[in-house]
Amino acid sequence: MPRIPRFPFRRALIYTHRWLGICGCILFAAWFSSGIVMMYKRMPSLAPEDRLRRMAKLDLSALAVPPNVAARRADFAPERFRVAMLGDRPVYRFSRGGDWSTVFADTGESMRSMDTRGAERIARRFLSFDAYRVTSSTLLREPDQWTISLRNLMPAHRIEFDDPAGTHLYVSSRSGEPVMETTRTGRLWGYLGAVTHWLYFTPFRLRTTLWINTVIWLAIAGCILALSGIAWGIWRVSVTARYRIRGVRYRSPYSGLMRWHHFAGLAFGLTTFTWVLSGCLSLDPWDWHPPSSPTREQREAFAGGSLRLEAVTLDRIRTGAAAVAGSFVPKELEVLQFSGEPFLLAYRPPTPAPPGRRAGPTAFLSSVQPMQHAAVSLAHPAAPTFERFSVARLRSAAAEAMAGTPIADSSWLEDYDSYYYSRNRTLPIPVLRLRFADAVRTWLYVDPQRGLILRKEERLTRLNRWLYHGLHSLDFRFLYDRRPLWDLTVITLCLGGLLLCLSPVRQAWQRLRRHARRISG
């Protein structure tokens, strides 16, 4: 009987780890180093507080066209809209999902596009940059590196100034307002951090399907690399120090940098595997868990159907604005609907933050306080303003959104829990958390200020929270709430990962050169 050859597991393990390591060591090193940067620096953005603080003062004296007429002329059915200024003219900025439409509230004329001069005027007024010169104005029809997440607001004008910070301001040609601000330093940290870590390079990222699939399969290859390295490292380590190198006993058969690689793999290989695996899960491969955003039916249940624009008259807008002005002078009004009733919401423009308050690696010591706000019913605009909806009304809307599913319990969260949280404390707080007794154990986090579902959690999304954020960011309350212990832990693990990735680079290069000479010969 012929002998069946055994599969060479040992040889397969060695060559799998060797060649995946040669191909991926630099990529892993980039992930570890950029991960340290992302602990403190993220992608450039325009903070809501800065946007509101720099906006022009609201002037409703020229308001002449009711919102329902303006929306009908624009052929747009909004879910909510904002009243603000565009230059010296009031405008309605209608939104539905990811779509936007801007209509002048004095004439009812839709803003089809904005020319370069108009964008420059808006940028100068927004930044108070009368003393600085515009060095470049570019109309972007496709996103660049910093506006990939703003595709629904494209095209946009990128206005570049010669100020010391090297500011670039992006003005949407669709909404007529600034949507992104970057500086020279912010762009540098963005490249060193998020762009490198996420492989967020513009030509690659704009091809969404290709980008997602590439990152997923790179992460899967990284998992195989880490697991094969852990297995081989354990196989080759000697508890009794039986290896002799130049007459000296060692626990590893390797010498020089490869010995460092061996022991670094034993110390940091498991963390490397969990980080790569959780990074893969961040892209939701093969749709293994539901989204954490509410469904359209749930949003409409909270709103009570389509926005009743006929109830939002000019007189009611002015009366509501006057009621808010009793607390502060608003710069922007937001009109939304809750349980079939339209409301007007405004935020107090914040005062400028002290220079350098959030600068440096100790930025986590400060917190972002929520902006003061006031709301008023447009069905009863003469009624007093309020800050939040009642728990009874929120529970009633939630029960309708969940099709009558019983509420197991409700909690008023004055601080974040393990599933609704923000490391820089930018998510609204307090919120109402409602748990339901359905098959998937749904949790809804409801914003009492706007009457919206902020987050929807189910059994699988809660599992994904720990598999992704828990393993990838080490967002465990016992660790993260004890900063800078969290910082020291993550930085130590990242430096260990860098040692693991860079220690075999020299040998990998020598091996590639030998193979290249053999092939060419």
Side-chain angles (χ1 to χ4, degrees), residues 48 78-80 95-98 281-282 284 287-308 334-343 345 347 368 370-371 373 375 377 386-470 473 475-477:
E79 293 178 338
R80 57 179 55 86
S95 67
R96 183 177 186 86
L281 294 177
S282 69
D284 187 22
D287 300 323
W288 79 275
H289 69 84
S292 58
S293 56
T295 64
R296 187 183 69 176
E297 292 75 16
Q298 290 172 332
R299 294 197 306 268
E300 291 180 350
F302 261 74
S306 302
L307 180 61
R308 296 173 51 232
E334 182 180 4
V335 177
L336 48 84
Q337 184 169 288
F338 175 65
S339 295
E341 182 179 354
F343 290 87
L345 177 67
Y347 290 91
V368 178
M371 291 183 290
H373 62 280
S377 170
F386 61 95
E387 292 189 356
R388 63 178 66 165
F389 295 103
S390 67
V391 174
R393 295 192 66 177
L394 296 172
R395 286 173 60 96
S396 176
E400 186 173 349
M402 291 296 294
T405 303
I407 298 177
D409 68 77
S410 62
S411 302
W412 193 255
L413 300 184
E414 297 289 346
D415 200 358
Y416 300 130
D417 65 2
S418 295
Y419 301 97
Y420 177 79
Y421 68 101
S422 171
R423 285 191 287 176
N424 52 9
R425 302 193 67 83
T426 55
L427 291 179
I429 206 74
V431 296
L432 180 65
R433 183 185 64 194
L434 301 163
R435 302 181 184 181
F436 293 85
D438 57 336
V440 294
R441 295 293 187 266
T442 302
W443 297 5
L444 296 183
Y445 293 86
V446 180
D447 183 0
Q449 300 175 15
R450 294 177 293 168
L452 302 174
I453 302 175
L454 295 172
R455 189 173 185 85
K456 174 174 66 73
E457 289 284 350
E458 298 179 7
R459 183 182 290 114
L460 286 180
T461 60
R462 289 192 290 274
L463 174 61
N464 181 71
R465 180 263 183 267
W466 297 112
L467 293 178
Y468 170 37
H469 289 288
S473 304
D475 281 350
F476 303 107
R477 300 295 293 269

Just say parallel, tilted or perpendicular for the rings of [X] and [Y], cut-offs at 30° and 60°.
X	Y	result
Tyr445	Tyr420	parallel
Tyr421	His469	perpendicular
Phe343	Phe386	perpendicular

Side chains of residues 400-410: which donor-acceptor partners sit under 3.5 Å, not counting sequence neighbours?
unit_1	atom_1	unit_2	atom_2	d
Thr405	OG1	Met402	O	2.7
Ser410	OG	Arg395	NH1	2.8

Could you grab the distance from atom [atom1] of [X] to atom [atom2] of [Y], nearest 0.5 Å is fine?
X	Y	atom1	atom2	value
Gln449	His373	CD	NE2	3.5 Å
Arg80	Arg450	CZ	CZ	7.0 Å
Glu458	His289	CD	NE2	11.0 Å
Glu457	Ser418	CD	OG	10.5 Å
Phe302	Leu444	CZ	CG	6.5 Å
Arg459	Asp438	CZ	CG	8.5 Å

I'd like to know whether Leu463 forms a side-chain contact (heavy atoms from CB on, under 4.5 Å) with Trp288, so could you lay out the CA-CA distance, the side-chain angles of the two residues, the decisive distance to 0.1 Å, and finally the verdict. CA-CA 11 Å; Leu463 174 61; Trp288 79 275; 4.0 Å; yes
For the residue pair [X] and [Y], establish whether any side-chain heavy-atom pair is separated by less than 4.5 Å.
X	Y	answer
Thr461	Tyr419	no
Ser95	Glu79	no
Arg465	Ser292	no

For Glu334 and Leu345, indicate whether the former's side chain and the latter's backbone hold a donor-acceptor pair under 3.5 Å. no
Does Gly340 offer a backbone N or O that forms a donor-acceptor pair with the side chain of Arg308 under 3.5 Å? yes
May I have the step-by-step check of side-chain contact (heavy atoms from CB on, under 4.5 Å) for Lys456 and Thr442, ending in yes or no? CA-CA 7 Å; Lys456 174 174 66 73; Thr442 302; 4.0 Å; yes
Taking all heavy atoms of [X] and all of [Y], pick out the closest pair and write down the distance.
X	Y	value
Pro430	Arg388	CG-NH2, 3.3 Å
Leu427	Tyr416	O-OH, 2.7 Å
Leu434	Leu394	CD1-O, 4.4 Å
Pro290	Leu460	CD-CB, 3.9 Å
Ile429	Asp415	CD1-C, 3.8 Å

